[in-house]
Each structure stands twice: as structure tokens, then as C-alpha cells.
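Before any comments, here is the structure.
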Amino acid sequence: MRDEQNGHNPALTELRRMLNSGLARMRLNKTALARRADLGRTTVSQAFQTDGPVPSAQTVAALARALKLPVEELLALQRDAAGGGGGERPMPGRLIAEWEPHDLEVHLGSLTWLPKTVRYPSCPVRIGSSSAWSQPAP
């Protein structure tokens with residue numbers, strides 16, 4: 001759950017505290033941890049970053065195994081931090097059902113490319129030199 005005043009997420013704070021503690025106990029740096037966990041250095045760095053996003057469950061599990069920490073306990077913290085434990089989910093990132101339909105519209109003016117043929121229900125539009133299509137859409 002998130003504190004609305006300052007964005008503090010106790011589960012995420014505890015998750016990062018445990019990861020930092022495991023890193024110190026194992027006497028590893030983050031580059032060595034990335035190799036041991038088979039993760040990218042940026043992924044590992046972001047997992048430890050105080051103001052960074054909640055790391056994915058896969059990242060947390062890999063780090064927990066590499067640091068010999070209790071995987072299930074860290075995954076429970078990750079779920080709580082991400083909002084899966086009944087708390088509020090951090091933004092950005094919403095379920096598609098939570099979006100307003102208008103927000104999900106695709107506006108042709110915003111596209112930087114179009115396929116050669118674009119069909120609308122009542123009016124075919126032809127772009128490019130494709131001549132294989134000559135009749136209007138049904």
C-alpha cells in the first residue's frame with residue numbers, strides 16, 4: 001500500500017532493505033550479482049534504486065535465489081509493493097478494464113506508418129501501388 005503524501009511504499013522499502021542486506025552479506029557488487037542471477041546490470045540496478053519502479057516477480061525471484069534469501073517472502077513483498085496484496089497499484093500501469101474507451105482509441109493522425117491497404121467497413125482506402133485489390137469492402 002502507498003502513502004499518498006510522499007509515495008512511500010512500505011513493502012517496496014522492506015523488499016529493497018532485504019535485497020541490500022543480502023548483497024552485503026554475500027559481499028557481492030551489483031555487476032557480480034547480475035551475472036550470478038543471470039539478469040542485466042540495468043535490471044539489477046533498478047531493483048535496488050530507491051525511487052525506481054517495483055521490480056518484476058521474475059527479477060525478485062532471481063535475485064532472491066542468487067542472494068540465498070527466502071524467495072516466497074520476497075515475492076510476497078513484491079506482490080504487496082506492486083498492488084497485488086490488496087494495496088493500491090503504483091502508476092503508470094492500469095488494467096485495460098480501468099481505462100476509459102476513448103483513451104484506448106487509435107487515431108490515424110498519430111501513426112507514423114500505415115500498411116499498404118487500410119479497409120474501413122464502408123470505404124476502402126488504398127495506399128501505395130498495390131493493384132491486387134479493386135473492389136470496395138463489403
Item to check | Sub-4.5 Å side-chain heavy-atom contact between L19 and L74 | outcome: yes
Checklist entry - Can you name the nearest heavy-atom pair linking N9 to A81, along with the distance? => result ND2-O, 3.0 Å
Checklist outcome for this item: For S56 and Q78 the tightest heavy-atom approach is C-NE2, 3.8 Å
Checklist entry - In chain order, what residues pass the side chain to side chain contact (heavy atoms under 4.5 Å, CB included) check against A37, with sequence neighbours excluded? => result L39, A62, L63, A66
Item to check | P55 versus L12, closest heavy-atom pair with distance | outcome: CD-CD1, 3.9 Å
Checklist entry - Could you give all pairs that pass the side-chain hydrogen bond (donor to acceptor under 3.5 Å, both in side chains) test and reach residues 24-52, with sequence neighbours left out? => result Q49-D51
Next on the checklist: My understanding is that only residues two or more places apart in sequence, or in another chain, count here; which of them pass salt bridge (Lys or Arg N to Asp or Glu O under 4.0 Å) with E14?
Outcome noted: R17
Next on the checklist: L15 and side chain to side chain contact (heavy atoms under 4.5 Å, CB included): which single residue from L77, L75, D80 fits?
Outcome noted: L77
Checklist entry - Where do L67 and L28 land on the side chain to side chain contact (heavy atoms under 4.5 Å, CB included) test, with the steps shown first? => result CA-CA 9 Å; L67 294 171; L28 295 171; 4.3 Å; yes
